[in-house]
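Here's the structure we're looking at; comments come further down.
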Protein chains: 2
Amino acid sequence: MTQEPPGAVATVDSVLAALADPMRRRLLDLLATSGETTATALAGVLPVSRQAVVKHLAVLDAAGLVSGNRVGREVRYAVCPAALDATAQWMSALVSDWDRRLAAIKQLAESAERDVR
Amino acid sequence: MTQEPPGAVATVDSVLAALADPMRRRLLDLLATSGETTATALAGVLPVSRQAVVKHLAVLDAAGLVSGNRVGREVRYAVCPAALDATAQWMSALVSDWDRRLAAIKQLAESAERDVR
DNA sequence: ACCACGTGCAACCATGAAGTTGCATCTACC
DNA sequence: GGTAGATGCAACTTCATGGTTGCACGTGGT
């Protein structure tokens, strides 16, 4: 249950790692706004070099969060909601799991206290 | 909309950064299972030193994912679902946002294609 | 009082990741 | 064919972070 099956869109691990970087989140935000954009165009807006952007895009691509397709001499990148969606679901599943366990523990604690009295 | 208000349980940034580390996720898993545990006990189970565990717990605490309360000479840590829940919601909001924008873009692309014909 | 156990603090090391620069390569256009 | 714009690749620097060890400090039990 902790270890996700390999069938998932991408490992939760890679998605979280990708999302952890602020620059990468900003990149995703730009991509979601612009639709399809090239790395050079993104680098023009952001305060980093094109190469840095390319590396970030590679990470995001590995996490399945973006995908780039070649058009002539340029590569247009676009956002892929699927991977993010999978991780969001994983996360809320985890929340309910924690809630369940915490409730159970609280239950135990109360009954134990009752035994003491 | 990209910058969350300070009122949130904790910055989405810190939660994601905290969650990005596998060891920290494992730690959370253990905490969710055991209810309340001390750093030393956790270090006994995990393949790292107690100090490493303490550092990780500090990060998780800063992200609002766990909280420790002192009981005598030991500190018991427990998991806090609230912060995770907030981040999960943030994430699914982002997903719907992307979906919305992608739909709009697709719409534009189709009408443009129609103009070409 | 004393001892043991748990925590807190600080210095230190090593690895990886973000960023840079420079150059090679490919494609489009004239 | 030649040139300009865009990408791809590689080496290098810097710095944050995960990990370690060693020791000092509190607190609880005998």
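Within every chain, numbering begins at 1; the chains are lettered A, B, ... in the order of the sequence lines, protein sequences first and strands thereafter. Keep in mind the model is a prediction, meaning the values are calculated, not measured.
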**Message:** I'd like to know if D29(A) and R26(A) make a salt bridge, using a cut-off of under 4.0 Å between side-chain N and carboxylate O.
**Reply:** no
**Asked** Can you name the residues that form a side chain to side chain donor-acceptor pair (under 3.5 Å) with S92(A), not counting sequence neighbours?
**Response** none
**Request:** Would you indicate what R76(A) reaches in the nucleic acid, counting non-hydrogen atoms under 4.0 angstrom: base, sugar-phosphate, or nothing?
**Result:** nothing
**Prompt:** Which residue pairs satisfy the salt bridge (charged side-chain N to carboxylate O under 4.0 Å, His left out) criterion with at least one member in residues 60-75 of chain A, sequence neighbours excluded?
**Reply:** E74(A)-R76(A)
**Item:** Results of side chain to side chain contact (heavy atoms under 4.5 Å, CB included) for S49(A) - residues two or more places apart only
**Value:** Q51(A), A52(A)
**Item:** Whole angstrom value for the distance that separates P of dG19(D) from CZ of R26(B)
**Value:** 11 Å
**Prompt:** Are any of H56(A)'s side-chain N or O atoms less than 4.0 Å away from OP1 or OP2 of dA17(C)?
**Reply:** no
**Partner set under side chain to side chain donor-acceptor pair (under 3.5 Å) for T33(A), not counting sequence neighbours** = R101(B)
**Asked** Atom CG of N69(B) and atom P of dG6(C): how far apart are they, to the nearest Å?
**Response** 17 Å
**Complete:** Those residues at least two apart in sequence (or on a different chain) that pass salt bridge (Lys or Arg N to Asp or Glu O under 4.0 Å) with R25(A) are D13(B)
**Interatomic distance, L27(A) CG vs dA18(C) P [rounded to whole Å]** = 12 Å
**Prompt:** Rounded to whole angstrom units, what separation is found between the CD atom of E74(B) and the P atom of dA4(C)?
**Reply:** 19 Å
**Item:** Pairwise 5' ranking along DNA chain C for K55(B) and R24(A), keeping only the more 5' one
**Value:** K55(B)
**Request:** Would you mind reading off the distance between L42(A) atom CG and dG19(C) atom P, rounded to a whole angstrom?
**Result:** 14 Å
**Request:** Tell me which of V75(B) and V48(A) sits closer to the 5' end of DNA chain C, going by the nucleotide each one is nearest to.
**Result:** V75(B)
**Request:** If a protein heavy atom is under 4.0 Å from the base, mark B; if only from the sugar-phosphate, S; if neither, -; do that for nucleotides 21-30 of chain D going 5' to 3'.
**Result:** BB----BS--
**Nucleotide dG8(D), atom P - distance to CG of L57(A) in whole Å** = 10 Å
